[in-house]
Amino acid sequence: RGPQPSFFDRVKSPLSVPTPRRPACGDRVFFQGLLGDYDGATFQQYCRVPADLLAHMPPNISDGQAAGISLATVATAVALYDERMGHGLPPLWVNSAAGAGPAIVVLGGAASVGQYAVQLARLSGFTCIVANAVAANCELVKSLGAHVVLDRSIAATADDYVRALDGLPIDVVLDAIGHDGTQTLPVAILQAAAARPAGLATSVAAPAASCEPCPENEGQRTCG
């Protein structure tokens, strides 16, 4: 029921005329499975999906890698750009020249969602992107666009991340892991950085019981 790569039927023709943006018969494509729609659901030999929901699969990735693109990018896009559940930043596909803000922290920069979060944050124009990862993945996260990557086995406190921001005001902390510990850390970072009321902590998971709003920080929101 999640994102799943698919192929156009190599026997039947697509219903619409192929264009540079619309796949042709035999193209490798990926898409987000349609929950509750048997025709458009995944885990079956054939399915029917509107052409506008399909994207060409890059030639340098496998089917399994392509299967995670839709879910991970949508989760990141909601956290950054959605006005109700996320931070409400100007979507980069609407206005790529609009600067998003001074700084962002991405917890789990090497995770599926974290990798897209770093890339979208860079495309959105954040001045400083601070992420964390295990030591073996720090260079990977830097190559995706992070300005500073902290070894999560060493940098474990909110003050570590505030120091990495080098005095820049922070707009958002995105938790790409969703565990209890990673959900409380974003709020602690915002508090330690004395984030302005617009500061927002977002997580890929529903807020844990330990993530209750702090009365003294009513302007800070946490959303799952």
Side-chain angles (χ1 to χ4, degrees), residues 1-10 14 16 18-82 85-87 89-94 96 100 104 106-126 129 131-134 136-146 149 172 174-178 182 202-205 223-224:
R1 294 184 178 180
Q4 179 80 4
S6 181
F7 298 89
F8 264 113
D9 188 343
R10 295 180 184 272
S16 58
T19 69
R21 294 182 61 90
R22 288 178 178 265
C25 184
D27 286 354
R28 299 172 70 231
V29 297
F30 67 93
F31 61 94
Q32 175 70 46
L34 303 179
L35 199 62
D37 180 351
Y38 290 121
D39 285 344
T42 57
F43 299 109
Q44 56 185 336
Q45 186 175 6
Y46 299 107
C47 64
R48 184 171 58 189
V49 180
D52 288 341
L53 300 184
L54 299 176
H56 284 95
M57 195 183 301
N60 61 334
I61 66 174
S62 67
D63 292 353
Q65 291 171 322
I69 293 177
S70 297
L71 182 61
T73 52
V74 169
T76 305
V78 168
L80 293 179
Y81 308 118
D82 188 82
M85 298 181 63
H87 193 56
L89 299 175
L92 61 89
W93 53 87
V94 173
S96 59
I104 181 175
V106 179
L107 301 179
S112 296
V113 172
Q115 292 186 44
Y116 287 106
V118 170
Q119 294 177 81
L120 291 180
R122 189 64 181 255
L123 291 171
S124 291
F126 277 96
I129 302 167
N132 73 346
V134 298
N137 289 330
C138 285
E139 289 304 317
L140 166 66
V141 179
K142 284 184 180 179
S143 73
L144 297 175
V149 183
V172 61
L174 195 155
D175 163 31
I177 304 299
T182 59
T202 60
S203 176
V204 296
C223 67

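Shortest non-hydrogen contact noted between Pro58 and Phe30 is CD-CE2, 4.2 Å. Between Ser62 and Met57, the closest heavy-atom pair is O-SD, 4.2 Å. Here the shortest heavy-atom pairing between Ala72 and Tyr116 reads CB-CD1, 3.4 Å. Smallest separation of non-hydrogen atoms from Val118 and Ala146: CG1-N, 3.4 Å. Between Gly178 and Ser203, the shortest heavy-atom distance links the atoms CA-OG, 3.8 Å. In plain terms, the two heavy atoms of Ala77 and Trp93 that are nearest each other are CB-CH2, 4.3 Å.
Looking at Ser124, its side chain never comes within 3.5 Å of a backbone N or O of Ala121 through a donor-acceptor pair. Judged by distance alone, the side chain of Gln44 and the main-chain N or O of Tyr38 form a donor-acceptor pair under 3.5 Å.
In this structure the side chain of Asp27 never reaches within 4.5 angstrom of the side chain of Leu54, judged on heavy atoms. Taking 4.5 Å as the limit, every side-chain heavy atom of Val106 sits out of range of all side-chain heavy atoms of Phe126. Leu140 has its side chain within reach of Gln115: a pair of non-hydrogen atoms, C-beta onward, lies under 4.5 Å apart. Residues Ile61 and Ile69 are in side-chain contact: their nearest non-hydrogen atoms beyond the backbone lie under 4.5 Å apart. At least one side-chain heavy atom of Arg28 sits less than 4.5 Å from a side-chain heavy atom of Asp63. For the pair Val141 and Cys138, the minimum side-chain heavy-atom distance is 4.5 Å or more.
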Evaluate Val49 against Val29 for side chain to side chain contact (heavy atoms under 4.5 Å, CB included), listing each step before the verdict. CA-CA 11 Å; Val49 180; Val29 297; over 6 Å; no

Mind running side chain to side chain contact (heavy atoms under 4.5 Å, CB included) on Arg122 and Ile129 for me, showing each step along the way? CA-CA 7 Å; Arg122 189 64 181 255; Ile129 302 167; 3.8 Å; yes

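One distance of note links CD1 of Ile104 with CG of Leu89; it measures 7.5 Å at 0.5 Å rounding. How far CG of Leu92 is from CD of Gln119: 11.5 Å, rounded to the nearest 0.5 Å. Rounded to the nearest 0.5 angstrom, Asn132 CG and Leu107 CG are separated by 5.0 Å. Note: Thr76 OG1 to Asp82 CG = 13.0 Å, rounded to the nearest 0.5 Å.
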